[in-house]
Engineer: 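So that we are looking at the same thing, I have put the structure below in structure tokens.
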Amino acid sequence: MPAVAWVTVIIGGLIIVAAAVGLLRVALHLRAVHSTLVAVAGGVGVIADQTSTVPTVLPSVNSTLKPVRDFCESI
């Protein structure tokens with residue numbers, strides 16, 4: 001096999017190894033991003049659970065403010 005063919009095979013092998021290392025780094029970065037997104041989604045879920053909507057809280061707020069409303073109406 002001529003020397004030019006060996007040089008071509010070696011250069012091709014180096015290119016393939018470099019591409020494989022690059023793809024491995026991308027895969028590891030994507031794994032880190034995935035774990036971060038899972039943590040963020042979990043945090044958003046906790047915030048959504050802890051912040052209740054107005055209709056569920058409204059009756060207790062109205063009953064608490066009833067004396068204030070009665071006072072304001074009497075003025």
Side-chain angles (χ1 to χ4, degrees):
M1 193 178 233
V4 174
W6 282 110
V7 170
T8 304
V9 169
I10 291 171
I11 291 174
L14 290 174
I15 291 172
I16 291 172
V17 168
V21 169
L23 288 175
L24 181 63
R25 290 184 64 197
V26 167
L28 293 175
H29 284 292
L30 286 175
R31 180 181 290 174
V33 168
H34 178 265
S35 64
T36 302
L37 287 177
V38 167
V40 168
V44 168
V46 168
I47 290 171
D49 290 340
Q50 289 180 350
T51 56
S52 60
T53 58
V54 172
T56 60
V57 179
L58 195 60
S60 67
V61 171
N62 280 339
S63 65
T64 304
L65 292 176
K66 185 173 179 354
V68 175
R69 183 178 51 228
D70 293 341
F71 174 76
C72 290
E73 288 175 355
S74 69
I75 296 179

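The first residue in the sequence is number 1, and the count goes up from there. Both backbone and side-chain heavy atoms feed into the values below; hydrogens, waters and symmetry mates do not.
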Engineer: Against Lys66, only a single residue in Asp70, Thr64, Val68 fulfils side-chain contact (heavy atoms from CB on, under 4.5 Å); can you say which?
Structural biologist: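 Checked Asp70, Thr64, Val68 against Lys66; only one passes side-chain contact (heavy atoms from CB on, under 4.5 Å): Asp70.
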
Engineer: Considering only Ile, Leu, Val, Met, Phe, Trp and Tyr, and joining two whenever side-chain heavy atoms are under 4.5 Å apart, list the other residues clustered with Val38.
Structural biologist: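 Other cluster members: none.
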
Engineer: Above 12 or not: heavy atoms from other molecules or residues under 6.0 Å from CZ of Arg25?
Structural biologist: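 Not more than 12 within 6.0 Å, no.
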
Engineer: Mind checking who shares a hydrophobic cluster with Val44, ILVMFWY linked at side-chain heavy-atom distances under 4.5 Å?
Structural biologist: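 Via sub-4.5 Å side-chain contacts, Val44 links to Val40.
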
Engineer: Who pairs with Asn62 by side chain to side chain donor-acceptor pair (under 3.5 Å), at least two apart in sequence or on another chain?
Structural biologist: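 Partners of Asn62 by the side chain to side chain donor-acceptor pair (under 3.5 Å) criterion come out as none, since no residue qualifies.
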
Engineer: Less than 4.5 Å apart, side chain to side chain, heavy atoms only: is that true for Leu30 and His34?
Structural biologist: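 They are not in side-chain contact.
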
Engineer: Return each pair, listed once, that meets salt bridge (charged side-chain N to carboxylate O under 4.0 Å, His left out) where at least one residue sits in residues 6-16; pairs must be two or more places apart or across chains.
Structural biologist: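 Non-adjacent pairs meeting salt bridge (charged side-chain N to carboxylate O under 4.0 Å, His left out): zero.
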
Engineer: Would you mind listing the cluster partners of Met1? Hydrophobic ones only (ILVMFWY), side-chain contacts under 4.5 Å, chaining allowed.
Structural biologist: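 Noted: Met1 shares its cluster with Trp6.
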
Engineer: Under a single-linkage rule joining Ile, Leu, Val, Met, Phe, Trp and Tyr whose side-chain heavy atoms are separated by less than 4.5 Å, which residues share a cluster with Ile11?
Structural biologist: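 In the cluster with Ile11 are Val7, Ile15.
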
